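Have a look at the structure below, then the notes.
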Amino acid sequence: MATLNDSELVAALKEDTERGFRLLMAKYKEAVYWHVRRLVVSHEDAQDAAQETFIRVLLSFRQFKGESSFAVWIYRIATNEALRLLKRRRGGRVSLDDPEAGTNRLMADEYVDYSDLEAVKLQKAILSLPTKQQLAFNLRYYDELGYDEIAAITGSTAANVKANYHIAKEKITKYINSTT
Amino acid sequence: MEKEFDFNRIGKRMPYTTPEGFFNKMEADIWERSRHEPLKPARRKTSRLRTVLIGTAAVAASITLLLVLNPFSSGQADGFSKVEQAFAGLSQEDQDYMLEVYQEDIFINR
């Protein structure tokens, strides 16, 4: 299936929702799933957050005004869904920045290849970061988004995102080197 | 001695996996759900606006009632038309703000 650019994708959704949906999924389903998976860690939670994201996109794409790119809009919804789910899991009481909780979720999930020690360690290091640094790192490193795009997703500034990304990288390196 | 950690060595590799055929199933599930749980954001927005207008109208009506009962006042006013006038008198920015605040914005609870 051909991948359309985002304005063609929005137009396709408006013209024929099912066709637009198929194109939307072809372009974004894996990106959104992996983005939320890196935040919520467990496969089931990532599945829930990804589904909610696409339901919201489907039901509100007509309200998309093009003030940001469609990709930024989708990532923003996905990020909200993931953070909302994490908050709900913690009864809305505990801070999202709880390094222990992330590691516990990682060690408890059925769909993790624990034999890849280096990859597990990298995810543990990422999960030990505050949420803003996690977001800056993940969206830059894995999704290759620009600082301005990440800023639009996280409601921050490009300069802040850039700083968070570099701090995150340093912390990850220190974390991993200190645990080898 | 262990080697220093190198991002280039690990790249984007992750330990996370998914069940077989997961992405196709997720797509099918979302499409099925979207067909059975249709929300109507545009209607919901109108409904919220109506709620705001009715609420504001109630306050305006109370004020109007006081004005009507006031022996020094000679005018009568329709609460709804006053609200409509007041709303129409707002700047575009303020109108947008009113709509935005009372609409169920998906980012409002970030």
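Keep in mind the model is a prediction, meaning the values are calculated, not measured. The chains referred to below are lettered A, B, ... by the order of the sequence lines, with proteins before strands, and numbering in each begins at 1.
- Dense packing is recorded around NZ of A:K171, with more than 12 heavy atoms of other residues, nucleotides or ligands lying under 6.0 Å away.
- How far CE of B:M14 is from CD1 of A:I126: 9.0 Å, rounded to the nearest 0.5 Å.
- Panel note: side chain B:T17, backbone A:Y111; a donor-acceptor pair is recorded below 3.5 Å.
- For A:Y114, no part lies near chain B; criterion is any non-hydrogen pair under 4.5 Å.
- A salt bridge links B:K12 with A:E144; the closest basic N to acidic carboxylate O contact falls under 4.0 Å.
- Heavy-atom distances place no part of A:E81 under 4.5 Å from chain B, backbone and side chain included.
- Contacts of A:R62 with chain B are absent, with no heavy-atom separation under 4.5 Å from either backbone or side chain.
- In this structure, A:K169 is positioned above the aromatic face of B:F7, its NZ or CZ under 6.0 Å from the six-membered ring centre and within 45° of the axis.
- Here the shortest heavy-atom pairing between A:V120 and B:P15 reads CG2-CB, 3.7 Å.
- There is no contact between A:L117 and chain B, counting heavy-atom distances below 4.5 Å.
- Rounding to the nearest 0.5 Å gives a distance of 9.0 Å between OG of B:S34 and CD of A:E18.
- Considering all non-hydrogen atoms of both residues, B:R13 and A:Y142 come closest at O-OH, 4.4 Å.
- By the 4.5 Å heavy-atom criterion applied to side chains, A:V41 and B:Y16 are counted as neighbours.
- Using a 4.5 Å heavy-atom threshold, the side chains of A:E52 and B:R33 count as touching.
- Linking Ile, Leu, Val, Met, Phe, Trp and Tyr residues whenever their side-chain heavy atoms come within less than 4.5 Å places A:W34 and A:L129 in a single cluster.
- A:K29 is not listed as a side-chain neighbour of B:I30, based on a closest heavy-atom distance of 4.5 Å or more.
- A:V36 and A:I77 are assigned to two separate hydrophobic clusters, defined by single-linkage of ILVMFWY side chains at heavy-atom distances under 4.5 Å.
- Annotation: the span from A:Q47 atom CD to B:T18 atom OG1 amounts to 10.0 Å, rounded to 0.5 Å.
- B:F5 places a side-chain heavy atom less than 4.5 Å from the side chain of A:N177.
- With hydrophobic clusters built from ILVMFWY side chains whose heavy atoms lie under 4.5 angstrom apart, A:I172 does not share a cluster with A:I167.
- A distance of 6.0 Å separates CH2 of B:W31 from OG1 of A:T17, quoted to the nearest 0.5 Å.
- The side-chain heavy atoms of A:H43 and B:P19, taken from C-beta on, include a pair separated by under 4.5 Å.
- Heavy atoms of other residues, nucleotides or ligands lying less than 6.0 angstrom from CD of A:E118 number more than 12.
- Among A:M25, A:Q51, A:R37, the residue making the largest number of heavy-atom pairs under 4.5 Å with chain B is A:R37.
- Not a single donor-acceptor pair under 3.5 Å links the side chain of A:Y33 to the backbone N or O of B:M26.
- Note that CD of B:E27 is 5.0 Å distant from CZ of A:R22, once rounded to the nearest 0.5 Å.
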